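For reference, the structure discussed in these notes is given below.
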Amino acid sequence: MVGWMKMETKMIELKKIKQEIQKCKKCKLYQYRKNPVPGEGNPNSEIVFIGEAPGFQEDNQGRPFVGAAGKVLDEMLKLAGIKREEVFITNVIKCRPPNNRDPAQDEILACSPYLDRQIDIIRPKIIVTLGRHSTKYIFSKIGKSFSSILKVHGKTFRWQYKGGEILVFPTLHPAASLYNPNMRKILEKDFLRLKEIISKIQSFSKAGEETLDKYL
């Protein structure tokens with residue numbers, strides 16, 4: 001899956017999407033934004049992290065996960081042995097909803113094609129969905145029903161994607177842990193599980209195995 005498109009080409013295509021997002025007026029959120037937040041990271045990453053929407057600090061800086069929830073995400077990445085610069089981080093919604101409210105369905109419908117294109121360019125091996133909105137959206141792509149993030153977090157799901165396979169790993173949104181220590185424990189456990197999965201996939205790749213079943 002990874003490497004079907006040259007690095008330089010991926011960077012060019014992701015830049016095109018970024019430029020489109022900066023001019024986008026497909027939904028009413030453009031009226032409230034200071035800066036759209038297309039996403040950032042390694043175009044060749046094997047892992048893509050998807051949140052729901054930018055918050056106050058993200059809107060100010062035009063970068064994903066740079067506020068309080070971003071600090072938690074950085075801590076979780078470190079726990080999993082992942083360097084932030086090695087992965088790609090984005091959201092389903094690229095502009096901040098007023099007062100950090102939940103994204104509306106029409107906003108998701110208008111904005112999600114940008115995410116679809118980012119996934120198609122990067123072609124990751126793993127997608128980590130952060131919270132219920134991104135999980136619900138990705139589950140809709142793989143034909144799986146969604147009811148609660150607490151029912152699916154820390155589990156793995158297969159997405160048969162254009163002749164390849166992407167592993168979908170849902171977990172809580174980092175913001176959920178800011179005021180609830182129990183949620184923090186769940187998040188930490190999930191990221192330790194993610195670390196284990198990454199290690200097993202790397203072993204799978206080196207061994208040239210045709211299935212991930214015995215590793216997951």
Side-chain angles (χ1 to χ4, degrees), residues 1-2 4-67 69-70 73 84-98 100-143 146 159 161-162 164 166 168-170 173-175:
M1 288 183 291
V2 178
W4 74 283
M5 186 185 293
K6 291 183 178 180
M7 178 75 159
E8 183 179 358
T9 305
K10 287 185 177 185
M11 292 177 67
I12 291 170
E13 292 303 312
L14 289 173
K15 185 176 181 180
K16 286 180 182 177
I17 295 173
K18 179 179 180 179
Q19 291 170 339
E20 289 178 36
I21 292 170
Q22 288 172 333
K23 299 177 182 178
C24 184
K25 296 183 178 181
K26 291 182 179 179
C27 79
K28 58 185 175 293
L29 292 183
Y30 82 91
Q31 301 174 56
Y32 312 107
R33 73 188 179 208
K34 183 175 181 180
N35 290 296
V37 185
E40 66 180 23
N42 181 2
N44 258 358
S45 176
E46 295 187 345
I47 310 175
V48 169
F49 288 83
I50 305 172
E52 59 178 55
F56 177 79
Q57 291 297 336
E58 290 76 17
D59 182 59
N60 277 338
Q61 298 185 39
R63 298 180 58 217
F65 285 93
V66 292
L73 178 59
R84 182 171 175 134
E85 61 269 21
E86 293 176 347
V87 300
F88 193 87
I89 303 173
T90 189
N91 289 293
V92 177
I93 298 294
K94 311 301 188 186
C95 296
R96 182 195 181 200
N100 290 354
R101 65 160 171 76
D102 289 347
Q105 188 59 33
D106 64 316
E107 294 162 359
I108 293 173
L109 287 173
C111 200
S112 55
Y114 294 126
L115 173 62
D116 294 344
R117 288 165 60 193
Q118 288 173 325
I119 292 171
D120 196 47
I121 291 167
I122 298 169
R123 295 289 180 98
K125 289 184 177 180
I126 303 173
I127 287 178
V128 180
T129 54
L130 302 169
R132 60 189 176 93
H133 290 290
S134 58
T135 302
K136 183 178 180 181
Y137 178 72
I138 294 298
F139 271 28
S140 74
K141 305 294 286 186
I142 64 178
F146 173 83
W159 184 3
Y161 188 86
K162 298 188 177 182
I166 298 176
V168 177
F169 184 85
H173 193 284

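What you see is a predicted model, and the numbers here were worked out from it, not measured in a lab. FYI, side chains are in, hydrogens and waters are out, and symmetry mates aren't considered; it's all heavy atoms of this structure. Numbering starts at 1 and runs along the sequence shown.
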Could you tell me whether the side chain of [Y] reaches within less than 4.5 Å of the side chain of [X], counting heavy atoms only?
X: Y161; Y: I142; answer: no
X: R96; Y: F56; answer: yes
X: C95; Y: D59; answer: no
X: R132; Y: F146; answer: yes
X: C24; Y: Y114; answer: yes
X: K136; Y: V92; answer: no
X: K162; Y: R123; answer: yes

Shortest non-hydrogen separation from [X] to [Y] and the atoms involved:
X: I50; Y: N91; result: CG2-C, 4.1 Å
X: P54; Y: I93; result: CD-O, 3.1 Å
X: G62; Y: P38; result: O-CD, 4.3 Å
X: L29; Y: E107; result: CD2-OE2, 3.6 Å
X: E52; Y: P103; result: OE2-CD, 4.2 Å
X: P124; Y: I166; result: O-CG1, 3.4 Å

Straight-line distance of [X] [atom1] to [Y] [atom2], nearest 0.5 Å:
X: I138; Y: I119; atom1: CD1; atom2: CD1; result: 4.0 Å
X: Y137; Y: D116; atom1: OH; atom2: CG; result: 3.0 Å
X: K18; Y: T90; atom1: NZ; atom2: OG1; result: 11.5 Å
X: I108; Y: S134; atom1: CD1; atom2: OG; result: 10.0 Å
X: Q22; Y: R33; atom1: CD; atom2: CZ; result: 8.5 Å
X: S45; Y: K125; atom1: OG; atom2: NZ; result: 11.0 Å

V66/Q61 under side-chain contact (heavy atoms from CB on, under 4.5 Å): CA gap, chis, key distance, verdict: CA-CA 8 Å; V66 292; Q61 298 185 39; 3.8 Å; yes
H173-F65 aromatic ring centre distance below 6.0 Å: yes
E40 side chain to P64 backbone, donor-acceptor under 3.5 Å: no
Neighbour count above 12 (heavy atom, 6.0 Å) for Q31 CD: yes
Those residues that, when tested against P43, pass side chain to side chain contact (heavy atoms under 4.5 Å, CB included) (two or more places apart): M7, K10, M11, L14
